[in-house]
Structures are given as structure tokens and as C-alpha cells.
> 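Mind looking over this structure? Questions follow.
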Amino acid sequence: MSDANHSTPGPAPLDPGRIADAARSQTAAALARGAAALPSSSGVRRALGTTIGEFHGKTCARGETLIQFENIHKAFGDNVIYRDMNLDIRLGETLTIIGGSGEGKSVCLKLMIGLLRAEAGRVLYYGEDVGEMNAEQLREIRMRVSMVFQGGALFDSMTIVQNVGYALREHTDMGDEEIEARAVESLTLVGLGPADHPGIMEQIPAALSVGMRKRVALARSIAQRPEVILYDEPTTGLDPSNCNRIARMIRKLQRELGVTSIVVTHDMTTAWYVADRVAMLYDKSFPFVDEVEAFRAIDDPRVRNFIEGRTG
Amino acid sequence: MSENPTLRGALRESIANLGETITSGVRWCGGMAVMLGQALRRGPRRPLGLFDISYQTLQLGIRSIPLATMMSLFVGMILAWQFGEALADFGAKNSIGYVTALSLVRELVPTLLAVTVGTKMATGMTAELGSMKVTEQIDAISALGADPIKKLVWPRLVAASIAMPLLVAWGNVIAMLGGMLISDTVFDVPAGYFYATYIDELEPMHYIMSQTKALVFGGLAGLVGCYQGFSTKFGTEAVGLSTTETVIAVSVSVLLADFALTTLFMPIG
Ligand SMILES: Nc1ncnc2c1ncn2[C@@H]1O[C@H](COP(=O)(O)OP(=O)(O)O)[C@@H](O)[C@H]1O
Ligand SMILES: [Mg+2]
């Protein structure tokens, strides 16, 4: 699936001009965000225009509403998934969405990046309606809001480095060497750097364990340095120690990259660990949304039954 | 008296079923037309994806050579034998080359290769794209800001439309050799004479017709294969289901297209 015309060699890695340039933009980004910027991540952000808190001249401060679902109605034929659904996502937070299987948690994530469209209502990103966007606008959104799919959805005909570098290859004019360097960076962030896992770059996804595949998928989603990461059941099907590892990683990425995270899960341990706020999907909308502590204190039997795992 | 309502009920039900079948058929054709439109609109934009196109063409073409060769050889031999028997009754067995040429080149080789090799290409695509669909890899391409139609459908469509005419050209040669073999060994019409009459009968228009059919059938097979893959529902059993449907869909649509093209070409040829 890769094109032949991407084989132009990258610029020499030790070009002093580039380094100075990178250093400058790094400090700028660090100042702007008031957080610890990750080395060289700003280069990608600049190349792809995925600056945090700023889009098309509009700005959004930490804690302000970034993505907003407004009276969403979504159905597949007779199968109604959402009815008059409303939900806000704030910049910089980690929102956990909990709810039973097949109730539409994945659909919610797909609405955010225009993979599915609602029949009524709006999904607003910086006040722009995702449902009304054309292909070019969607492409731009998808660089800023990236999704980690449930099974990883790694391209099984490609090597790990091709998988992780996919977005950069598609959307920047970086050469092979530079893309590889970025891929190493992203893999290192999820603890799969070639230093600890020699030879991983050239392997195919089928050769890796389930837990590693999930982490590679995560690396692929952060390679473009998104503003928002959507996680679809990141810990489902993993053993407890891998669950912990992924949960810690979600926290770490939020801290180090300053991303906003939306984590869909039905594993309550993960939910409590990663979340700033929790939203519970019930009866085709989100009637219960609150900060973790407040959410845990909710007395409604519908909530208690779900978080304590009682049936009926 | 009591029979009437049930009969009427059954009648109504079967009409409703018919209606449903027609609706889903129309929807299926509509979906394919939309996909074709998207592929033709977005495919030719830069970068053209020449690497993918040539990779797919080689994959589809080379892997199908054995099957194409066998099918063509046997259809050439069988047709020559059938015509030879009939002609011998009239004492006209010398015109065996004239008679077989047209039906082989214009009709049998393209159609037979389309329903065998074309089906094989299409089911391969459905299985591959269908499993990408159920594992959300197609969504992942979109989510990474790329275009699945451009990345997956366009190269396969072009590759099938290139590979099929090449295979039909090859098949035409093999089918003629098959006919020649039977004519020489069974009916004592010399191979050289068979060849001369065979070629004499064919005009440029007949080659064009053969190649046009191959192009259309190849494109159809690619389109059906990709569409079926993309419209695969959830679960891995779904891949098996849509692959099975592809077999029927390719055969039926190739025959319909064949009828249409024959109607179109007959006045000219
Ligand atoms: N593309 C689609 N076409 C038809 N139905 C769908 C589609 N995607 C999801 N659904 C249906 O929507 C419902 C919710 O699906 P999903 O969001 O995947 O649930 P979950 O909460 O487990 O993630 C399911 O009943 C599913 O069958
Ligand atoms: Mg899901």
C-alpha cells in the first residue's frame, strides 16, 4: 500500500540549521503550553499543523470545551444508538466512557472523526461541525484527533515501522530516514523502542503479542502528535499486568504530550485510574457525567449496578 | 373459505419478498456505481500509486496464468471437436478453422476466463478487503487521514482491467492451438491449413471486441470484488459470506455485461 515515490532520502540528520530550528520551536511550544514539551515532537506538530489549543485562528484554553456533541441522533436502520445525546469534552482532560457492550461506545468515537455521521444533531470541534465537513477538512481533523482501534487495526501487510510512520508518509514530505526516526521516537514512548526490542521495526504485526500490538497501535496514533487521542477499549483482552501498563501509558502520554484523551472501556479499574471525568452511556445518551470522585459517589442504582458489576 | 386468506397471505408475502429482493439488488448496484464513481474521480489524482497498481497487476496476472492456460486450451479443443463432428456430417470439415475462430475469440475465451479467472481475482479481493474491514483496518486508513478508495480500490480496479485483457490475449492464442491440435489429430485437417483459415476469418474488429469484453469483465470483477469486501458486515464469518456472494455476483454480472456488449457489437462486427 505504500507508494514508490516516497523514497527520497531525508535531509542529513546533523544539519546544524535544523537543530537550531528545532530547538527554537521546542522552547516556543514549551512556553506556549506551559508544560514539558517532548523533544522534537514540535517539529511534527508544525509540519502537520496539530498545535494544541489552536485551530484555524480559534483558540481553546485548558479546561474549555473542545469537542461538543449536540442533540445527536444516530441509528442504523431500526437500531437506534443515540437519541438526543449531549456530551462535552474539555481540552487537556481524560474522559472515560463506560457502558455495556454493543450500546454504541465505538460509534461515539467514530462520530468524532467523521467515520460515521449522525442523522441529526451536531458534533462540534472548535465550533465547526464535523458532520458537515468535506474530505479535505476531515483529513485535517483526523491529523489532530487520532484513534486507537479496539483490535489495534494494524495494517498486516506492512512492517511495524511502516505502520507507525503511515501518517507522516501520507501527510508530510519527510524522507524515509526522518520518518523512521520519528517512528522510533513514538515506539520508545510506548516502551517498544528498538533499544529494548531489537528488530521490532522490521517485523510484521502478526509476529507480535496482543499486548505489543496494542502498544504499536498506540505508537501509530501518536506519531502525528495529535491534540486528542480516542482509545477504543485499550485494555480489553489483555492480562492484568498489560492492562496496568497501558493505563499508565495513557496517563503518561496525556502528561508528556499534553493530549486530551477519551477512553472507552468497560474495565472499571482502568476507568478509575486514567479518568479525570467519567461518562456513562445509558439508554442511548449520557445521563451521568461527572468528575471521578463525584461519579463514584453517585447513588443512582443504574450507576451502582454497572460499576459494581451487578446484573439487573 | 378458510383457504382464501392464507393463500392471499402467502401471495402477499411472496410479492413482498420479491420487492425486497429487487430493492436490495438495486441498492447493491447503486452502491457499486457510487464506488466506481469515487474510484474514477479520486484514483487518477497524484500520486497515482503506480507501485501498488503494478504490484497488483503482477499478483493478479501471474497467479492466474496456469488457470487461464488450462481453460483456454480445453475450450479450444472442445469447441473444435464439436464443430468438427457437425461439419463432417456435411462433408465440410475443412472449414473448421473458419467456424471456430469467431466464437472463440469474440465470445468463449473472454467470457469463460471472466467467470473463472475473474471470479478468482474477485474472491481474492473480497477475502482480503473483507478481513481488513472486519478488523477495522479500512477505518484505520481513513482515521490516519488517507483515502481507502484511493489506496485499496483504485489499484485493484486498474490492475484487474489490465490483467484481464492480457490474459484473454494469451488465452486466444492457446485456444487456437487447442483447436489446431484437435483439427489435425482427430479430423485430419492439417494444422497449417487450420491456422490459415482461422486467421483469415478474423478481422481487426473481432480482436477489438475480444479485448473490450476482457477490459469490461476485468473491471467488473475488480469492482464486485472490492465492493463486496468493503460492504462486509461484522465478524469473521461475514468474510466467508461475502466471498461466496462474490462468486455468484461476478458470474451473473459478467453474463449480463456480455449480453449487453454482444448486442452493442453485433451490428458493427
Ligand atoms: N457500521 C455499522 N453498520 C450497522 N450497524 C452498526 C455499525 N457500527 C455499529 N453498529 C451497531 O451499533 C451498535 C453499537 O455498536 P458499537 O458502538 O460497536 O458498540 P460498543 O459499545 O460495544 O462499542 C451495535 O448494535 C452494532 O451492531
Ligand atoms: Mg466497541
Side-chain angles (χ1 to χ4, degrees), chain A residues 1-7 48-50 76 102 106-107 109-110 112-116 135-158 162-173 205-206 213 217 220-221 223-224 226 229-230 232-233, chain B residues 20 23-24 27 34 37-39 41-59 124-125 127-156 158-159 226 229-231 233-236 239:
Chain A
M1 267 190 281
S2 64
D3 282 316
N5 54 357
H6 289 303
S7 50
L48 290 165
T50 54
F76 297 104
S106 304
V107 169
L109 297 184
K110 288 177 182 175
M112 279 186 226
I113 51 174
L115 286 177
L116 293 172
E136 186 50 37
Q137 291 168 310
L138 279 178
R139 197 184 62 82
E140 203 178 343
I141 294 294
R142 288 165 182 172
M143 284 299 93
R144 305 176 59 100
V145 183
S146 74
M147 177 154 174
V148 185
F149 287 88
Q150 184 166 352
L154 294 176
F155 304 128
D156 37 36
S157 57
M158 294 186 192
Q162 287 169 335
N163 263 288
V164 177
Y166 192 87
L168 299 179
R169 175 152 290 155
E170 283 297 313
H171 302 293
T172 68
D173 43 20
R213 261 180 284 179
R220 182 175 68 181
S221 304
Q224 75 232 39
I229 305 180
L230 313 177
D232 196 355
E233 309 208 3
Chain B
E20 238 164 64
T23 315
S24 65
R27 194 173 298 140
V34 168
Q38 288 174 333
R41 203 148 23 89
R42 302 185 206 157
R45 288 188 202 149
R46 283 174 187 283
L48 287 175
L50 290 179
F51 176 83
D52 288 341
I53 292 177
S54 21
Y55 176 79
Q56 290 291 337
T57 311
L58 284 179
Q59 287 288 311
M125 292 177 199
E128 189 190 0
L129 299 183
S131 63
M132 287 184 77
K133 172 76 190 289
V134 300
T135 55
E136 295 188 302
Q137 289 179 55
I138 294 181
D139 275 344
I141 292 179
S142 301
L144 287 164
D147 179 2
I149 300 275
K150 165 92 188 173
K151 290 277 159 191
L152 301 174
V153 177
W154 168 249
R156 284 169 176 77
V158 175
C226 290
F230 268 57
S231 50
K233 301 280 180 298
F234 308 96
T236 32
V239 179

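Each chain gets a letter, A, B and so on, in the order the sequences are listed, and its residues count up from 1. Heavy-atom basis, side chains included; hydrogens, waters and symmetry copies ignored.
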> Do you know which two heavy atoms are closest between B:E136 and A:Q150, and how far apart they sit?
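B:E136 and A:Q150 have their closest heavy atoms at OE1-N, 3.7 Å.
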
> Mind checking the CG-CG spacing from A:L116 to B:D139? Nearest 0.5 Å is all I need.
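These two atoms lie 7.0 Å from each other.
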
> Going by side-chain hydrogen bond (donor to acceptor under 3.5 Å, both in side chains), name the residues that satisfy it together with A:E136, two or more places apart in sequence or in a different chain.
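Partners of A:E136 by the side-chain hydrogen bond (donor to acceptor under 3.5 Å, both in side chains) criterion, ordered by chain and then number, come out as A:R139.
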
> Checking B:S142 against chain A: side chain, backbone, both or neither under 4.5 Å from a heavy atom?
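For B:S142, heavy atoms of backbone and side chain both lie under 4.5 Å from chain A.
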
> Over all heavy atoms of both residues, which pair between A:F149 and B:A140 is shortest? Give the atoms and the distance, please.
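Between these two residues, the closest heavy atoms are CE1-CA, 3.4 Å.
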
> At a 4.5 Å cut-off on heavy atoms, which part of A:I141 comes close to chain B: side chain, backbone, both, or neither?
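When you check distances to chain B, no heavy atom of A:I141 falls under 4.5 Å.
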
> To the nearest 0.5 angstrom, please state how far the OH atom of A:Y166 sits from the NZ atom of B:K151.
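Between A:Y166 OH and B:K151 NZ, I get 4.5 Å after rounding to 0.5 Å.
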
> Please report the closest heavy-atom contact between A:L115 and B:A143, naming both atoms and the distance.
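That would be CD2-N, 4.4 Å.
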
> So, for A:L154 and B:Q137, which heavy atoms are closest and what is the spacing to 0.1 Å?
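The answer is O-CD, 3.2 Å.
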
> How long is the gap from CZ on A:F155 to OG1 on B:T135, to the nearest 0.5 Å?
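Result: 9.5 Å between the selected atoms.
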
> For side chain to side chain contact (heavy atoms under 4.5 Å, CB included), just list the numbers for B:L144 and A:M147, CA-CA rounded to whole Å, side-chain angles, deciding distance to a tenth of an Å, and then say yes or no.
CA-CA 8 Å; B:L144 287 164; A:M147 177 154 174; over 6 Å; no

